Amino acid sequence: MVVAGGQGGNEHISEAECMYDYLTARGIAPERIWQEDESHNTMQNFSYTAQLLEEKGLDAEECHILVVSSSWHLCRVRLLAGRAGLDISTLAAPPSHLGYAFGNYIRETVALAKSFVFDR
């Protein structure tokens, strides 16, 4: 399992470490979780994850990967994972707060247009 995401300026730990802590607290063995904690955007998540898989002896382009993310993010996830050469399926995590999800659907529309043009 790979958990991916760097540390923002207003965060005390990386997104990867937060997910690692969550999963290990629920019984997932630590050695089963690899952390990619350098990325700061979705394109970097996939690029750096592909590099991590290669470092661990896997051919990233031969792996089939299940990506779990917020439902509002999955369209861009599919676009950018494909650009990174990854074969993926997606699974939507349930929203924790409906107001938060609604705002992110709006934000993601702009981010998708930006990624379509600029993220390679």
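In this text, all values refer to a predicted model and were calculated from it rather than measured experimentally.
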[atom1] of [X] to [atom2] of [Y]: how many Å apart, nearest 0.5 Å?
X	Y	atom1	atom2	answer
Leu66	Ile88	CG	CD1	8.5 Å
Phe46	Leu79	CZ	CG	9.5 Å
Met1	Gln35	CE	CD	12.0 Å
Asn45	Ser39	CG	OG	3.5 Å

Any link between [X] and [Y] through a network of hydrophobic side chains (Ile, Leu, Val, Met, Phe, Trp, Tyr) touching at under 4.5 Å?
X	Y	value
Ile65	Leu80	yes
Val67	Val3	no
Leu52	Leu23	no

Could you list the residues that satisfy side chain to side chain donor-acceptor pair (under 3.5 Å) with [X], not counting sequence neighbours?
X	result
Asn104	none
Thr90	Arg78
Asp37	none

Answer yes or no: is there a donor N or O on one side and an acceptor on the other, between the side chain of Arg26 and the main chain of Tyr22, under 3.5 Å?
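Here the side-chain-to-backbone pair exists.
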pair Phe116-Arg83: side-chain heavy atoms closer than 4.5 Å
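Yes, side chains in contact.
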Thr42 and Ser115, any side-chain heavy atoms less than 4.5 Å apart:
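No, side chains not in contact.
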Tell me, please, which residues at least two apart from [X] pass side chain to side chain contact (heavy atoms under 4.5 Å, CB included).
X	result
Leu58	Trp34, Leu53, Cys63
Ser71	Ala92, Tyr105
Pro30	Tyr20, Thr24
Ser47	Met43

List, by chain and then residue number, the residues other than Val110 in its hydrophobic cluster (Ile/Leu/Val/Met/Phe/Trp/Tyr, side-chain heavy atoms under 4.5 Å); write none if there are no others.
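Traced through the cluster, Val110 reaches no other member.
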Please write out which residues are connected to Ile106 in a hydrophobic cluster, directly or through intermediates, given that two of Ile, Leu, Val, Met, Phe, Trp, Tyr count as joined at side-chain heavy-atom separations below 4.5 angstrom.
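Members besides Ile106, by chain and number: Phe102.
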Do any pairs count as a salt bridge (Lys or Arg N to Asp or Glu O under 4.0 Å) and have a residue in residues 94-115, sequence neighbours left out, and if so which ones?
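Sorted pair list: Arg76-Glu108, Lys114-Asp119.
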Per the side chain to side chain donor-acceptor pair (under 3.5 Å) rule, what does the pair list look like for residues 52-63, sequence neighbours excluded?
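Residue pairs passing side chain to side chain donor-acceptor pair (under 3.5 Å), neighbours aside: none found.
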Surrounding CZ of Arg32 (heavy atoms of other residues, nucleotides or ligands, distance under 6.0 Å), is the total greater than 12?
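Not buried by this count: 12 neighbours or fewer within 6.0 Å.
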Between side-chain atoms of residues 10-19 and protein atoms elsewhere (two or more places apart, or another chain), which donor-acceptor pairs fall under 3.5 Å?
{"from": "Glu11", "atom 1": "OE1", "to": "Gly8", "atom 2": "N", "distance (Å)": "2.6"}
{"from": "Ser14", "atom 1": "OG", "to": "Glu17", "atom 2": "N", "distance (Å)": "3.0"}

Shortest non-hydrogen contact between Leu74 and Leu91, atoms and distance:
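Leu74 and Leu91 have their closest heavy atoms at CD1-C, 4.1 Å.
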